[in-house]
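I have a structure here, written as structure tokens, and I will follow up with some questions on it.
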Amino acid sequence: MFKKILIANRGEIALRVIRACRELGIATVAIYSEVDKESLHVKMADEAYCVGPARVLNSYLNIPNIISAAIISKAEAIHPGYGLLAENVAFAEICDSHGIQFIGPSVASMVLMGDKSRARETMEGYGIPIVPGTKIIQNSKEAADFARKCDYPLIIKATSGGGGKGMRVVTNEEELLKCIMTAKAEARTSFDDDRIYLEKYLPRSKHIEFQIVADERGNVIHLGERDCSIQRRNQKLIEEAPSGAVSKKLRKEMGDAAVKGSKLSGYTGVGTIEFLLDLDSGRFYFMEMNTRIQVEHPVTEMVTGIDLVKEQIRIAAGEKLMLSQGDVALYGHSIECRINAEDPEKGFAPSTGVITKLHFPGGPGLRIDSHIYQGSEVSPYYDSLLAKVISFGHDRSEAIARMRRALDEFQIEGVKTTVPFHKRILESVDFRKGEIHTSFVEKSLSQILSGQEVKK
């Protein structure tokens, strides 16, 4: 087992890793930007090093400074968290070249599965169904030709994308040609890679992802599914486990496909195979693989009792999986709400400032993952995620009731948040019935914002 790990991230995921390391008896090294000097992850780590000024490119993406911090601190491994450098092949290669263990999949797996277009082709070759789509689009004519063949609506996707960036839904040729340029520019800015491809857009579908855990000995298991259908602009807002739309039979079919794809691609570590479940046909399709820990991993931990970050670290240290597929049991229901510093009444504009008052909810069946505290500053430089509120119940109704109570108890002043927005979603009839899909928020946004009861 490692003696010291550097966490190449910030915010709540940095704290999450620090806590897992502390329980494993591993010393931790934090990195921070100049404006993050008073952040909670800096205070909780055993050591901390400033890696640059506020801008992400000059600090949390400053690979030379991060590697220098690892060498100076004598860290044996680096945990990248999610986002930032978590799926950066060059960073993983540099870690390897310096004898530092990258806590994630192999470089070969990242190259194969991190590129979404290549991953689609790979999974199709394994016999796993994929959404009808294209390879990398070279020009507008190729896009228009596919559109005429497949028909609208379509979705433009960045092959190196994530978090909804570089993605656009289009319904006609005029939108297609305009949004291709917008998506490419956004992808270039966010990922330094402007390659895009097209897929058929399935408006009545559920976003279902399977949690994969794989060791270096070829043992691969899944830990059930998460339903991530509540989204806005392809960014997840609320996640839950398990999904009410997935029967035991379908869970086995989708889980087997996820394990097969992971095993044949030689994947190791913790990852997620993501599917679209078409509600009209009942068919599922491979969408992409995330080769990292996910923001929404706590709901899986709640219904399985398995600490995914610890498993990540153990596997990176060369340990064997302690569980077989038959050992995995799902119990109860869990829901996660992502609380962001945004103002829904003003088009979800970012909200910044000092948190002048803060009270987190508590009581049975609740977990809060957060890095904020009263007096901390929400800056404009980073992701707006403030906290993840996770509820657990013996069934979905109890999990919803506990989440509604938690959001009522959540008090924060100094910045605007999405707490009221989440409360309105949970109050909707369709959400309580589980009759939701990936277009639910977009189609019902005006009703949600106005506080009207949301119905189909």
>> With heavy-atom distances below 4.5 Å as the criterion, would you say the side chains of Val429 and Glu435 are in contact?
In response: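 They are not in side-chain contact.
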
> Cut-off 3.5 Å, side chains only: do Glu240 and His333 have a donor facing an acceptor?
Replying inline: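 Yes, a side-chain donor-acceptor pair sits under 3.5 Å.
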
>> Between Glu199 and Lys116, is the salt bridge (charged side-chain N to carboxylate O under 4.0 Å, His left out) condition met? List the steps.
In response: CA-CA 12 Å; Glu199 279 184 353; Lys116 299 183 190 308; over 6 Å; no

>> Within a 6.0 Å radius of atom CE on Met322, are there more than 12 heavy atoms belonging to other residues, nucleotides or ligands?
In response: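 No.
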
> Which heavy-atom pair separates Arg226 from Val299 by the least distance, and what is that distance?
Replying inline: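 That would be CD-CG2, 3.3 Å.
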
>> Strictly distance-based, threshold 3.5 Å: is any side-chain N or O of Tyr373 a donor or acceptor partner for the main-chain N or O of Leu40?
In response: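 It does not hold such a pair.
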
> So with a 6.0 Å cut-off around CZ of Phe348, is the heavy-atom count from everything else above 12?
Replying inline: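 Atom CZ in Phe348 is crowded, with more than 12 foreign heavy atoms closer than 6.0 Å.
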
> When you check the side-chain N and O atoms of Thr418 and Glu342, is any donor under 3.5 Å from an acceptor?
Replying inline: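 There is no such pair between these side chains.
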
> Can you check whether Ile339's main-chain N or O pairs, donor with acceptor, with Thr417's side chain at less than 3.5 Å?
Replying inline: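 Looks like no, no N/O pair under 3.5 Å.
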
> Do Phe421 and Val441 come close enough that some side-chain heavy atom pair is under 4.5 Å?
Replying inline: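 Yes, side chains in contact.
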
> Are Arg292 and Gln294 linked by a side-chain donor-acceptor pair shorter than 3.5 Å?
Replying inline: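 Yes, because at least one side-chain N or O of Arg292 sits under 3.5 Å from a partner of the opposite role on Gln294.
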
> So Ile78 and Leu85, side-chain contact (heavy atoms from CB on, under 4.5 Å) or not? Walk me through it.
Replying inline: CA-CA 11 Å; Ile78 292 180; Leu85 296 169; over 6 Å; no

>> Could you report the tightest heavy-atom contact between His422 and Leu237, atom names first, then the distance?
In response: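 Of all heavy-atom pairs spanning His422 and Leu237, the closest is CE1-O, 3.4 Å.
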
> Are any non-hydrogen side-chain atoms of Lys423 and Arg404 less than 4.5 angstrom apart?
Replying inline: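 Sidechains of Arg404 and Lys423: no contact.
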
> So, does Asp215 use its side chain to make a donor-acceptor pair with the main chain of Leu321 at under 3.5 Å?
Replying inline: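 Pair found, side chain donor or acceptor close to backbone of Leu321.
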
> Backbone N or O of Glu427 within a donor-acceptor pair of the Arg432 side chain at under 3.5 Å?
Replying inline: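 At least one qualifying donor-acceptor pair exists.
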
>> For Ser243 and Asp227, which I'm curious about, is there any donor-acceptor pair between the side chains at under 3.5 Å?
In response: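 Yes, side-chain donor-acceptor contact under 3.5 Å.
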
> Closest approach of Ala241 and Glu225, non-hydrogen atoms and distance?
Replying inline: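 Smallest heavy-atom distance, with atoms named: CB-O, 3.5 Å.
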
> What closest approach, in Å, do Val415 and Thr352 show between heavy atoms, and which atom pair accounts for it?
Replying inline: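 Distance-wise, the nearest heavy atoms are CG1-C, 3.7 Å.
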
>> With a 4.5 Å cut-off on side-chain heavy atoms, are Met123 and Ile273 touching?
In response: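 Yes; the side chains approach each other to less than 4.5 Å.
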
>> For Tyr285 together with Phe275, are the ring centres under 6.0 Å from each other?
In response: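 Judged by ring-centre distance (under 6.0 Å), Phe275 and Tyr285 do not meet the cut-off.
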
> Any salt bridge between Arg118 and Glu121, counting N to O under 4.0 Å?
Replying inline: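 Result for this pair is no, no salt bridge flagged.
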
> Would Gln211 and Val270 count as a side-chain contact (heavy atoms from CB on, under 4.5 Å) if you check the C-alpha gap in whole Å, the side-chain angles of each, and the deciding distance to 0.1 Å?
Replying inline: CA-CA 8 Å; Gln211 181 66 61; Val270 168; 3.0 Å; yes

> OG/Ser39 to CZ/Arg10 distance, rounded to the nearest 0.5 angstrom?
Replying inline: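 The distance works out to 5.5 Å.
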
>> Would Arg251 and Phe284 count as a cation-pi pair here, with the cationic atom under 6.0 angstrom from the ring centre and within 45° of the axis?
In response: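 Verdict for Phe284: no cation-pi partner in Arg251.
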
> Does any donor atom in the side chain of Ser33 or Tyr382 lie under 3.5 Å from an acceptor atom in the other side chain?
Replying inline: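 The criterion, which ignores hydrogens and geometry beyond distance, is satisfied for Tyr382 and Ser33.
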
> Do side-chain atoms of Glu301 reach the backbone of Leu308 as a donor and acceptor pair under 3.5 angstrom?
Replying inline: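 Pair found, side chain donor or acceptor close to backbone of Leu308.
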
> Looking only at atom types and distance, does a side-chain atom of Ser384 sit under 3.5 Å from a main-chain N or O of Pro350, one as donor and one as acceptor?
Replying inline: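 Looks like no, no N/O pair under 3.5 Å.
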
> Where the side chain of Asn9 meets the backbone of Pro80, is there a donor-acceptor pair that is under 3.5 Å apart?
Replying inline: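 Here the side-chain-to-backbone pair exists.
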
> Taking it one step at a time, do Lys263 and Asp256 satisfy salt bridge (charged side-chain N to carboxylate O under 4.0 Å, His left out)?
Replying inline: CA-CA 10 Å; Lys263 186 172 288 189; Asp256 287 349; over 6 Å; no

>> Between Arg402 and Glu398, does the salt bridge (charged side-chain N to carboxylate O under 4.0 Å, His left out) criterion hold? Intermediate values first, please.
In response: CA-CA 6 Å; Arg402 282 179 168 164; Glu398 186 174 48; 3.7 Å; yes

> What distance do Arg367 atom CZ and Ser391 atom OG have between them, rounded to the nearest 0.5 Å?
Replying inline: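 Rounded to the nearest 0.5 Å, the CZ-OG separation comes out at 12.0 Å.
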
> Are any side-chain N or O atoms of Arg405 and backbone N or O atoms of Gly363, one a donor and one an acceptor, separated by less than 3.5 Å?
Replying inline: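 Pair absent, no side-chain N/O of Arg405 close to backbone of Gly363.
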
>> In the structure I gave you, are the side-chain heavy atoms of Arg314 and Met1 within less than 4.5 Å of one another anywhere?
In response: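 A side-chain contact under 4.5 Å exists here.
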
>> Under the criterion side chain to side chain donor-acceptor pair (under 3.5 Å), I'd like the reasoning laid out for Glu274 against His207: C-alpha separation, chi angles, the key distance, then a yes or no.
In response: CA-CA 7 Å; Glu274 308 209 357; His207 184 144; 2.5 Å; yes

> Rounded to the nearest 0.5 Å, what separation is found between the CD1 atom of Ile155 and the CD1 atom of Ile196?
Replying inline: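 It is 11.5 Å, given to the nearest 0.5 Å.
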
> Any side-chain heavy atom of Leu426 sitting closer than 4.5 Å to one from Ile238?
Replying inline: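 In contact.
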
> Any idea which heavy atoms bring Ile212 and Val259 closest together, and the distance?
Replying inline: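 Residues Ile212 and Val259, closest heavy atoms: CD1-N, 4.0 Å.
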
> Is atom NZ of Lys236 surrounded by more than 12 heavy atoms (other residues, nucleotides or ligands) closer than 6.0 Å?
Replying inline: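 Yes, because the 6.0 Å sphere around NZ of Lys236 holds more than 12 heavy atoms from other groups.
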
>> Would you say NZ of Lys43 has more than 12 non-hydrogen atoms from neighbouring residues, nucleotides or ligands within 6.0 angstrom?
In response: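 Above 12, so yes.
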
> What is the minimum heavy-atom distance between Thr28 and Cys21, and which atoms define it?
Replying inline: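 Looking at all heavy atoms of both residues, the closest pair is CG2-CB, 3.4 Å.
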
>> How long is the straight-line distance from CG of Leu330 back to OG1 of Thr304, given to the nearest 0.5 Å?
In response: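 Interatomic distance, Thr304 OG1 to Leu330 CG, rounded to 0.5 Å: 7.5 Å.
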
> Sub-3.5 Å donor-acceptor pair from the side chain of Lys200 to the main-chain atoms of Tyr152, do we have one?
Replying inline: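 Here the side-chain-to-backbone pair exists.
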
> What do the steps show when you test Phe360 against Leu366 for side-chain contact (heavy atoms from CB on, under 4.5 Å), and what is the final call?
Replying inline: CA-CA 10 Å; Phe360 285 134; Leu366 286 182; over 6 Å; no

> Would you call Glu345-Lys416 a salt bridge at under 4.0 Å N-O?
Replying inline: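 Not counted as a salt bridge, because no side-chain N and carboxylate O are separated by less than 4.0 Å.
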
>> With heavy-atom distances below 4.5 Å as the criterion, would you say the side chains of Phe102 and Met110 are in contact?
In response: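 Sidechains of Met110 and Phe102: in contact.
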
> If you measure from CG on Leu385 to CZ on Arg338, what distance do you get to the nearest 0.5 Å?
Replying inline: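 So the CG of Leu385 and the CZ of Arg338 are separated by 7.0 Å.
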
> Please walk me through it: do Ser262 and Met289 pass side-chain contact (heavy atoms from CB on, under 4.5 Å)?
Replying inline: CA-CA 9 Å; Ser262 301; Met289 183 174 194; 4.0 Å; yes

> Do Tyr82 and Asn290 get their side chains close enough for a donor-acceptor pair, meaning under 3.5 Å?
Replying inline: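 Result is no, nothing qualifies.
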
>> When you measure from the side chain of Ser370 to the backbone of Ile372, do you find a donor-acceptor pair of N or O atoms at a distance under 3.5 Å?
In response: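 Judged by distance alone, yes, a pair lies under 3.5 Å.
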
>> Test salt bridge (charged side-chain N to carboxylate O under 4.0 Å, His left out) on Glu253 and Lys249; report intermediate values, then the result.
In response: CA-CA 6 Å; Glu253 291 176 8; Lys249 180 176 180 293; 2.7 Å; yes

>> Would you compute the distance between atom OG1 of Thr268 and atom CD of Gln312 and round it to the nearest 0.5 angstrom?
In response: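 Taking OG1 in Thr268 and CD in Gln312, the distance rounds to 10.5 Å.
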
